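Accompanying notes for the structure given below.
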Amino acid sequence: MTAVQPMPLLLDPMPNASSDAPIGIFDSGVGGLSVAQEIARHLPNEQILYYADTKHVPYGARSDQEIRQLTAQAIEWLYRQGCKIAVVACNTASAFSLDYLRDHYGERFPIVGLVPALKPAVIQSQSKVVAVLATPATLRGQLIKDVMSKFAEPAGVKVLMVTSLELVPFVEAGLQMSDACLAVLQQILQPVVEQEADFLVLGCTHYPFLKNAIRQIFDEKLELIDSGQAVARQTAYILIKNGLLCDKTRHNISRIECFVSGNNAAVLEPVLQRLISEQLTWTIQNLDDVVA
Ligand code: DGL
């Protein structure tokens, strides 16, 4: 893994962002585009600035401190670009950074984070067994533990924790329907089906892009659930509350401008072509070309 650079010095407060400013969205890689697309559908007048730290992906095997530091750098970049809000579209980054980011930016810069959608799964489960598929870092974080003790334990629902470090690289490479990826999914999810879980919580934003692969193997045996729509609604709510919702109609279509670290734009362009809905317009460029 590449060494993590020291945290940059933070700037003085930016002037208050206007409703015309973009929504900033961050993930370690392409996974947060599953969230960005829900936000784009829900808020079609907004511009989206998406930053993928593809130089350091995957975050899932990194230490708590590394994850927090990389996330803080990414969010600071979105802030300096003049975004009006930041969405940490990554369960792993959220698990170790939300408190720090909210303390740091306070009222100046609203931060929306993610936690695996365990609550709706617990509420709807008939078998009283649900599974959460997430990175090792997300599963050791406090956010998921809080949701378990608040919702799963009182409802008597058993939660099966499932993890793999192999899935995120498949999605980053656009290989989510490959035989190798299907074999990993079969191997890690078969025990979940055998233990009669009826809901599978996709607790990493890369995993909604695995829905077709999971359905191909397990058909309707597992109900799949993720946080994308809830995050889109929460983002809208916070924008409205802060008077920051864009009131200009922009041809009813959001534009997603993607920036990637590690000079990966050319490699990722064909991957994004398959991941992003044809109804959305988007661009991709290397972050180094912008900051150099
Ligand atoms: N997309 C990130 C998440 O939601 C994880 C990917 C990674 O391991 O970097 O947890």
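Every number for a ligand or one of its atoms is a count from 1 in the order of the listing. Residues: numbered from 1 along the sequence shown. Here the structure is a predicted model, which means the values were calculated and not measured.
The OH atom of Y207 sits 11.5 Å away from atom OG of S34, with the distance rounded to the nearest 0.5 Å.
In summary, of the residues considered (I75, L114, V35, V112), a side-chain contact (heavy atoms from CB on, under 4.5 Å) with V88 occurs for I75 alone. When the options L49, I48, L280, T281 are evaluated for a side-chain contact (heavy atoms from CB on, under 4.5 Å) with R255, the one that passes is T281.
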May I have a table of the N/O to N/O pairs between ligand 1 and the protein that fall below 3.5 Å, each row giving the two atom names and the distance to 0.1 Å?
{"residue": "ligand 1", "atom": "1 (N)", "partner": "D27", "partner atom": "OD1", "Å": "3.0"}
{"residue": "ligand 1", "atom": "1 (N)", "partner": "D27", "partner atom": "OD2", "Å": "3.4"}
{"residue": "ligand 1", "atom": "1 (N)", "partner": "T205", "partner atom": "OG1", "Å": "2.9"}
{"residue": "ligand 1", "atom": "1 (N)", "partner": "H206", "partner atom": "ND1", "Å": "2.8"}
{"residue": "ligand 1", "atom": "4 (O)", "partner": "N91", "partner atom": "N", "Å": "2.8"}
{"residue": "ligand 1", "atom": "4 (O)", "partner": "N91", "partner atom": "ND2", "Å": "3.2"}
{"residue": "ligand 1", "atom": "4 (O)", "partner": "T205", "partner atom": "N", "Å": "2.8"}
{"residue": "ligand 1", "atom": "4 (O)", "partner": "T205", "partner atom": "OG1", "Å": "3.3"}
{"residue": "ligand 1", "atom": "8 (O)", "partner": "Y59", "partner atom": "N", "Å": "3.2"}
{"residue": "ligand 1", "atom": "8 (O)", "partner": "G60", "partner atom": "N", "Å": "2.8"}
{"residue": "ligand 1", "atom": "9 (O)", "partner": "S28", "partner atom": "OG", "Å": "2.6"}
{"residue": "ligand 1", "atom": "9 (O)", "partner": "Y59", "partner atom": "N", "Å": "2.6"}
{"residue": "ligand 1", "atom": "10 (O)", "partner": "N91", "partner atom": "N", "Å": "3.4"}
{"residue": "ligand 1", "atom": "10 (O)", "partner": "T92", "partner atom": "N", "Å": "3.0"}
{"residue": "ligand 1", "atom": "10 (O)", "partner": "T92", "partner atom": "OG1", "Å": "2.6"}

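Judged purely by distance below 3.5 Å, without hydrogens or angles, the side chains of Y100 and Q69 never pair a donor atom with an acceptor atom. When only modelled atom types and interatomic distance are considered, E172 and H206 share a side-chain donor-acceptor pair under 3.5 Å.
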Task: W282/Y50 under ring-ring contact (aromatic ring centres under 6.0 Å, His included): CA gap, chis, key distance, verdict - done: CA-CA 10 Å; W282 55 274; Y50 183 91; over 10 Å; no
